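Every chain is numbered from 1, with letters handed out A, B, ... down the list of sequences. Since this is a predicted model, take the numbers as computed values, not measurements.
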2 protein chains.
Amino acid sequence: MLSEQPITSADKTFFLLRRDIVEGVIPSGTKLSETELSTKYAVSRAVIREAINRLESCRLVERKANVGARVVALTAQGLIELYEVREALEGMAARLAARNMTDQEIEGLNALLNQHFQEVKGGESYYQEAGDVDFHYRIIQGSKNQHLTNMLTNGIYHLVRMYRVQLGMAGPRVTTAFDEHRHIVQAISNRDEELAEMLMRRHITYSRKNIEQKLADEAGSNRRQQA
Amino acid sequence: MLSEQPITSADKTFFLLRRDIVEGVIPSGTKLSETELSTKYAVSRAVIREAINRLESCRLVERKANVGARVVALTAQGLIELYEVREALEGMAARLAARNMTDQEIEGLNALLNQHFQEVKGGESYYQEAGDVDFHYRIIQGSKNQHLTNMLTNGIYHLVRMYRVQLGMAGPRVTTAFDEHRHIVQAISNRDEELAEMLMRRHITYSRKNIEQKLADEAGSNRRQQA
DNA sequence: CCGATGGAAAGTGTCGACAATATAGCCATC
DNA sequence: GATGGCTATATTGTCGACACTTTCCATCGG
């Protein structure tokens, strides 16, 4: 039923490049040469340019006129800033989800949670990341706010994933995060906008602090190694 | 001292098109024909395409593959969604500004406020819009968060302005808005993050409600006219 | 008279070539 | 030996032409 729009060559190249950048195949800081990429992907430079433009609007690469594009550098500061934006946007998403989600959607969210519970109990913690993403996606969709949805799913989430992959943040935090998810769904279920937003913001804050802690630990051990 | 980067033809065309779209010279819903625009602006289609791509990433136009681009349609729902995003992002910006602005920047904000006070007292209410934008810009900059700043100044603000211009929301609300601004600066001055965010969110909520009211009134009078 | 089919016409997607700009390396000069 | 300017090279920016898709309209069949 979904009117599937045609996929152009530029689209495909964009998706490929994005995947490679997010997954770290093309490391952070790499120069993206148009001529090089056009031979590698067997398309014209025009296609590559369009793909790079779109990567730029996702903030995955930075371009300078007459110089070229490079994959964004990953910094601790950048990650913190990203989580600050996430906190604001996803907090609002949770608030709006509590207002706008249908009862069926909420039911589906509960089902997803139960499924996760079974998996976590069964020790399949490797499902955690995908499950976490799925959970957040549903709430974002539930906000029914197009701007919010686009910003998060087309922009921020790929950036967050890039950081997680390349800084090696597969992260445990499984059981606590699960409880936090449960409480958020509870608040949405009760149509308590205030609480839903607050809990989502806390959830993301905890996640950020967890990552900051890890970065600090790594930095510490690196210093010890160097000494 | 600012290393001014070279401005390409695509840049210029982008700026021109954006201005024309935001100011309503190119009305909402208009089809943007690449061939037509390339003759009008005397540049190649490649340049036009790049400009349109960038307009799309600002969400000022929408593109469909093999069909073309049109200026986004303005709807009441869209405006509300925009303000919801603004509330989330600018609320966070105010919180971060309370944390990160320098004392000098805060002093500058106070000076700006006093200047506005003089102008408002003198009845120069036509300065309101520019002053309002300036006020919000400074707080956004004060957040020291690059992502936040880019999202707001490169994306949302142009969209908001587009709505304001084309739906004729030059809006009074001068004196009340001025008081709200004053209280926000006060909170930032006191480094009260919590309060700064709350006041900014309220400020934007009020602004949204004011606009919703106007839209409702217009719709009402339109119905009466038609009857 | 209405719907389907076919084929122009117009528009977008892609390409290779040329122009303009930045970078690197070399030589001359201080 | 270091610095400044110049040339050579490589890369990006821009262009016009061609390929493909969509859209519109006329024609045909029911």
Side-chain angles (χ1 to χ4, degrees), chain A residues 1-21 26-73 154, chain B residues 1-21 26-73 154:
Chain A
M1 196 60 72
L2 288 165
S3 64
E4 49 199 88
Q5 51 200 348
I7 293 187
T8 67
S9 188
D11 282 324
K12 278 187 285 193
T13 311
F14 167 64
F15 292 138
L16 286 175
L17 271 173
R18 186 176 66 182
R19 182 172 55 85
D20 285 352
I21 289 173
I26 302 175
S28 137
T30 307
K31 171 91 192 291
L32 293 180
S33 161
E34 295 179 1
T35 52
E36 190 183 322
L37 290 174
S38 76
T39 59
K40 179 176 172 186
Y41 289 93
V43 290
S44 78
R45 267 186 58 221
V47 171
I48 296 290
R49 277 178 73 83
E50 178 155 345
I52 289 181
N53 276 331
R54 286 163 70 176
L55 289 170
E56 188 190 15
S57 67
C58 302
R59 307 191 193 296
L60 286 170
V61 312
E62 287 171 347
R63 263 183 68 186
K64 277 190 218 160
N66 290 311
V67 174
R70 35 179 76 255
V71 180
V72 290
N154 293 331
Chain B
M1 196 59 71
L2 287 164
S3 64
E4 50 198 89
Q5 51 200 346
I7 293 188
T8 67
S9 188
D11 283 323
K12 280 186 285 192
T13 311
F14 166 65
F15 292 137
L16 287 175
L17 272 172
R18 187 176 65 182
R19 181 173 55 85
D20 284 353
I21 289 172
I26 302 175
S28 136
T30 307
K31 169 90 191 290
L32 293 181
S33 161
E34 295 179 1
T35 52
E36 190 182 323
L37 290 174
S38 76
T39 59
K40 178 176 173 185
Y41 288 94
V43 289
S44 79
R45 266 185 59 220
V47 171
I48 296 290
R49 276 177 74 83
E50 179 155 345
I52 289 181
N53 276 330
R54 285 162 70 178
L55 289 170
E56 187 189 16
S57 67
C58 302
R59 308 192 192 297
L60 286 170
V61 313
E62 288 171 345
R63 262 183 67 185
K64 278 190 215 163
N66 290 311
V67 174
R70 2 182 37 94
V71 180
V72 291
N154 293 332

* Asked: Do the non-hydrogen side-chain atoms of B/Arg63 and B/Arg49 ever get within less than 4.5 Å of each other?
  ->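 Touching, per the 4.5 Å side-chain cut-off.
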* Beyond-backbone contact of A/Arg59 with A/Val72, side-chain heavy atoms, under 4.5 angstrom ->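 Sidechains of A/Val72 and A/Arg59: no contact.
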* Side-chain N,O (A/Lys64) to OP1/OP2 (D/dG13) below 4.0 Å ->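 False: A/Lys64 side-chain N/O out of range (4.0 Å or more) of D/dG13 OP1/OP2.
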* OP1, OP2 of D/dT12 versus side-chain N and O of A/Lys31: anything below 4.0 Å? ->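 Looking at the OP1 and OP2 atoms of D/dT12, one of them is under 4.0 Å from a side-chain N or O of A/Lys31.
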Take the protein atom [atom1] of [X] and the nucleotide atom [atom2] of [N], then report the distance between them rounded to whole Å.
X: B/Asp11; N: C/dT21; atom1: CG; atom2: P; answer: 14 Å
X: A/Phe14; N: C/dG13; atom1: CZ; atom2: C1'; answer: 17 Å
X: A/Arg70; N: D/dT11; atom1: CZ; atom2: P; answer: 13 Å
X: A/Ile7; N: D/dT21; atom1: CD1; atom2: C1'; answer: 15 Å

* To do: Could you work out which one of C/dT23, D/dT22, D/dT14 sits closest to the side chain of B/Asn66?
  =>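 From the listed options, D/dT22 comes nearest.
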* Return the set of residues passing side chain to side chain contact (heavy atoms under 4.5 Å, CB included) with A/Thr39 (not counting sequence neighbours), or none when no residue passes. =>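 Result, side chain to side chain contact (heavy atoms under 4.5 Å, CB included) vs A/Thr39: none returned.
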* Looking only at heavy atoms, which two atoms of B/Thr8 and A/Ala65 are closest? And how far apart? ->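 For B/Thr8 and A/Ala65, the tightest heavy-atom pair comes out as CG2-CB, 4.0 Å.
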* Asked: Any idea which heavy atoms bring A/Ser9 and A/Val43 closest together, and the distance?
  ->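 Shortest heavy-atom separation between A/Ser9 and A/Val43 comes out as OG-CG1, 3.5 Å.
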* Worked verdict on A/Leu32 versus A/Ile26 for side chain to side chain contact (heavy atoms under 4.5 Å, CB included) -> CA-CA 9 Å; A/Leu32 293 180; A/Ile26 302 175; 4.2 Å; yes
* To do: Could you check which residues of residues 35-55 of chain A get a heavy atom under 4.0 Å from DNA chain D? Sort them by number, please.
  =>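 Only A/Thr35, A/Arg45, A/Arg49 qualify.
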